[in-house]
**Q** 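Encoded as structure tokens, here's the structure I'll be asking about.
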Number of protein chains: 2
Amino acid sequence: MTATISREQQLIEAEAACLRRGAKLTPLRRQVLELILAADSPVGAYALLDRLKADRPGAAPPTVYRALDFLLENGLIHKVERLNAFIGCVETGHGHAHDHPHQFLICRRCGATVEIADSAVADAIAAAAARVGFTAVEATVEIEGVCARCGTA
Amino acid sequence: MTATISREQQLIEAEAACLRRGAKLTPLRRQVLELILAADSPVGAYALLDRLKADRPGAAPPTVYRALDFLLENGLIHKVERLNAFIGCVETGHGHAHDHPHQFLICRRCGATVEIADSAVADAIAAAAARVGFTAVEATVEIEGVCARCGTA
DNA sequence: TGCCGTCACGATATAGTATCACGCGACGCG
DNA sequence: CGCGTCGCGTGATACTATATCGTGACGGCA
Ligand SMILES: [Zn+2]
Ligand SMILES: [Zn+2]
Ligand SMILES: [Zn+2]
Ligand SMILES: [Zn+2]
């Protein structure tokens with residue numbers, strides 16, 4: 001399972017990024033991040049809460065939402081709006097910017113969700129916005145369809 | 001107020017589109033659509049419910065959600081995922097397709113949300129998906145930033 | 001050392017969004 | 001008339017997210 005290696009690398013990257021930013025990846029926050037990275041699809045806040053309760057019986061909604069806020073602010077995870085769920089950020093090149101252009105591909109059959117960072121899409125969006133005098137700051141792009149695996153099967 | 005004229009035109013278009021599709025725009029559904037078109041920003045389901053209750057004291061969540069489902073299925077409105085709110089579709093050219101490529105521009109200052117249909121964005125998205133073997137069916141594109149009015153002010 | 005501000009987090013309550021399940025009456029059709 | 005479908009009323013429930021208060025740990029600074 002190569003995914004395990006990638007997950008651990010992501011955790012190491014995350015700790016490094018927090019160090020650079022002066023942000024504290026506390027045990028609780030790290031544990032929530034681990035839970036998100038361990039899942040193979042986006043995870044809802046209450047699913048995280050349930051899993052968290054195994055270790056921390058006192059965990060409540062604010063516990064997980066505060067951790068999620070931290071992880072979002074530090075660019076370690078993203079929210080998938082269509083699913084009300086959270087997924088780890090795969091971007092490691094630029095040091096987990098607070099916010100970077102990205103898009104999601106969501107498979108309708110298997111639920112797999114992958115993050116891509118296509119600059120042509122980002123450019124087209126910025127251009128379309130500028131054409132009507134709108135200054136784009138951030139864009140949610142969530143593409144539903146059928147992934148390669150499900151398409152051939 | 002030219003918007004009023006546009007709204008009435010939208011309602012007429014909506015009725016025509018439903019006739020063509022064999023769908024029934026009942027008084028309740030029409031009223032919900034009117035409420036959505038009357039608002040100058042996207043409206044939440046419970047805001048609609050509150051306004052609906054003025055006329056229909058018995059209205060409950062399923063009342064409005066069923067109407068919203070109908071309007072969504074018939075392409076008369078869209079959901080803005082980032083806001084958990086609904087907005088009228090401005091597309092009248094192709095007869096309110098069940099589903100057409102579109103993008104939203106959401107102003108962070110004034111909350112104004114406008115729908116555009118930029119084919120360059122749609123093409124870039126389809127191309128980016130195809131590049132990784134993904135067949136795009138539908139895409140949510142919600143662009144946050146500053147609108148022309150707020151940018152110059 | 002003592003004071004103080006900030007921060008992470010526990011704990012309780014509440015707000016906001018969406019769906020389920022049941023039933024009934026209107027309508028269209030054979 | 002018998003029957004199926006559909007629109008919608010009604011009550012309950014599930015799911016998602018935030019508000020508020022308190023407390024203990026830590027770090028800066030006289
Ligand atoms: Zn990312
Ligand atoms: Zn798939
Ligand atoms: Zn539209
Ligand atoms: Zn504005």
Side-chain angles (χ1 to χ4, degrees), chain A residues 14-15 18-19 21-36 39 41-74 76-87 111 140 142, chain B residues 14-15 18-19 21-36 39 41-74 76-87 111 140 142:
Chain A
E15 300 204 312
C18 285
L19 264 180
R21 294 169 56 89
K24 288 187 224 166
L25 187 64
T26 64
L28 171 60
R29 292 165 175 172
R30 189 194 153 99
Q31 191 177 353
V32 171
L33 179 56
E34 280 178 17
L35 288 171
I36 292 172
S41 6
V43 204
Y46 281 71
L48 289 170
L49 178 54
D50 285 344
R51 292 171 206 176
L52 209 54
K53 276 179 177 166
D55 260 36
R56 297 171 181 263
T63 310
V64 61
Y65 278 102
R66 283 192 287 233
L68 289 171
D69 285 346
F70 172 89
L71 297 172
L72 286 168
E73 278 165 13
N74 288 278
L76 302 175
I77 63 171
H78 296 296
K79 178 173 184 185
V80 185
E81 298 286 346
R82 288 186 76 113
L83 306 176
N84 290 320
F86 303 85
I87 191 172
T140 296
E142 298 176 0
Chain B
E15 298 205 312
C18 285
L19 264 180
R21 295 169 56 88
K24 290 187 222 166
L25 188 64
T26 64
L28 171 60
R29 292 164 175 173
R30 189 193 153 97
Q31 192 177 353
V32 171
L33 179 56
E34 281 178 19
L35 288 172
I36 292 172
S41 5
V43 204
Y46 281 71
L48 289 170
L49 179 55
D50 285 345
R51 290 170 207 179
L52 209 53
K53 276 180 177 166
D55 261 36
R56 298 172 180 263
T63 310
V64 61
Y65 277 102
R66 284 192 285 234
L68 289 171
D69 285 345
F70 173 88
L71 297 172
L72 286 169
E73 278 165 13
N74 288 278
L76 302 175
I77 63 172
H78 297 294
K79 178 173 183 184
V80 185
E81 298 286 346
R82 289 186 77 113
L83 307 176
N84 291 320
F86 303 85
I87 191 172
T140 298
E142 298 176 1

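So that the names make sense, note that chain A is the first sequence line, chain B the second, and so on, each numbered from 1.
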**Q** Can you tell me if the side-chain N/O atoms of A:Tyr65 get under 4.0 Å from OP1 or OP2 in D:dA17?
**A**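 Yes, such a contact exists.
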**Q** Quick one: pull up CD in A:Glu73 and CG in A:Leu71 and give me the separation to the nearest 0.5 Å.
**A**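 Answer rounded to 0.5 Å: 9.5 Å.
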**Q** For DNA chain D, find the residues of residues 22-35 of chain B with a heavy-atom distance under 4.0 Å and give them by number; none if there aren't any.
**A**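 Output list: B:Thr26, B:Leu28, B:Arg29.
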**Q** Measure the spacing between CG of A:Leu33 and CG of A:Leu76 and express it to the nearest 0.5 Å.
**A**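 Spacing of CG (A:Leu33) from CG (A:Leu76) equals 6.0 Å.
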**Q** Rounded to whole Å, how long is the line connecting atom CZ of A:Arg82 with atom C1' of D:dC15?
**A**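 From A:Arg82 CZ to D:dC15 C1': 18 Å.
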**Q** Rounding to 10 degrees, work out the angle separating the end axes of the helix from C:dT1-D:dA30 to C:dG30-D:dC1 (five pairs an end).
**A**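 Angle reported: 20°, given to the nearest ten degrees.
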**Q** Got a second to check how far B:Phe86's CZ is from B:Leu35's CG, nearest 0.5 Å?
**A**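 B:Phe86 atom CZ to B:Leu35 atom CG measures 13.5 Å (nearest 0.5 Å).
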**Q** Report the distance from atom CG of B:Leu49 to atom P of D:dT10, rounded to the nearest whole Å.
**A**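 Whole-Å distance recorded here is 13 Å.
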**Q** Between A:Glu142 and A:Glu81, is there a donor-acceptor pair closer than 3.5 Å when you use the side chain of the first and the backbone of the second?
**A**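 Checking the backbone N and O of A:Glu81 against the side chain of A:Glu142, a donor-acceptor pair under 3.5 Å is found.
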**Q** Can you measure A:Tyr46 atom OH to D:dT16 atom P for me and round it to whole angstrom units?
**A**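 Taking OH of A:Tyr46 and P of D:dT16, I get 8 Å after rounding.
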**Q** Checking contacts here: which listed nucleotide (D:dA17, C:dA11, C:dA18) is nearest the side-chain heavy atoms of A:Phe86?
**A**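 My answer, after comparing the listed nucleotides, is D:dA17.
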**Q** Check this one for me: any side-chain N or O of B:Arg56 less than 4.0 Å away from OP1 or OP2 of D:dG9?
**A**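 Answer is yes, contact under 4.0 Å.
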**Q** Please report, rounded to the nearest Å, how far the P atom of C:dA8 is from the CZ atom of A:Phe70.
**A**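 So the two atoms are 8 Å apart, to the nearest Å.
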**Q** When rounded to the nearest 0.5 angstrom, what is the spacing between NZ in B:Lys53 and OG1 in B:Thr63?
**A**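 Spacing of NZ (B:Lys53) from OG1 (B:Thr63) equals 9.0 Å.
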**Q** Between B:Thr63 and D:dG9, is there a contact of a side-chain N or O with OP1 or OP2 at under 4.0 Å?
**A**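 For D:dG9, OP1/OP2 do have a side-chain N/O of B:Thr63 under 4.0 Å.
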**Q** Does D:dA17 have OP1 or OP2 sitting under 4.0 Å from an N or O in the side chain of A:Lys79?
**A**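 Yes, A:Lys79 has a side-chain N/O under 4.0 Å of OP1/OP2 on D:dA17.
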**Q** Can you measure A:Lys53 atom NZ to C:dC9 atom P for me and round it to whole angstrom units?
**A**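 Distance, rounded to whole Å: 18 Å.
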**Q** To the nearest 0.5 Å, how far apart are CG in A:Leu28 and CZ in A:Arg56?
**A**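 Going from the CG atom of A:Leu28 to the CZ atom of A:Arg56 covers 4.5 Å.
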**Q** To the nearest angstrom, how far is B:Asp69 atom CG from C:dT17 atom P?
**A**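 To the nearest whole Å, that distance equals 16 Å.
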**Q** At less than 4.0 Å, is any side-chain N or O atom of B:Asn84 found next to OP1 or OP2 of C:dA18? Yes or no.
**A**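 Indeed, a polar side-chain atom of B:Asn84 lies that close.
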**Q** Tell me: CG of A:Leu68 to C1' of D:dT18, nearest whole Å?
**A**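 Going from CG in A:Leu68 over to C1' in D:dT18 covers 13 Å.
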**Q** From the list C:dT19, D:dT18, D:dC8, which nucleotide is the closest neighbour of the side chain of B:Pro62?
**A**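 Between C:dT19, D:dT18, D:dC8, the one nearest the side chain of B:Pro62 would be C:dT19.
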**Q** CG of A:Leu48 versus P of D:dT16: gap in Å, rounded?
**A**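 Taking atom P of D:dT16 as the reference, CG of A:Leu48 is at 11 Å.
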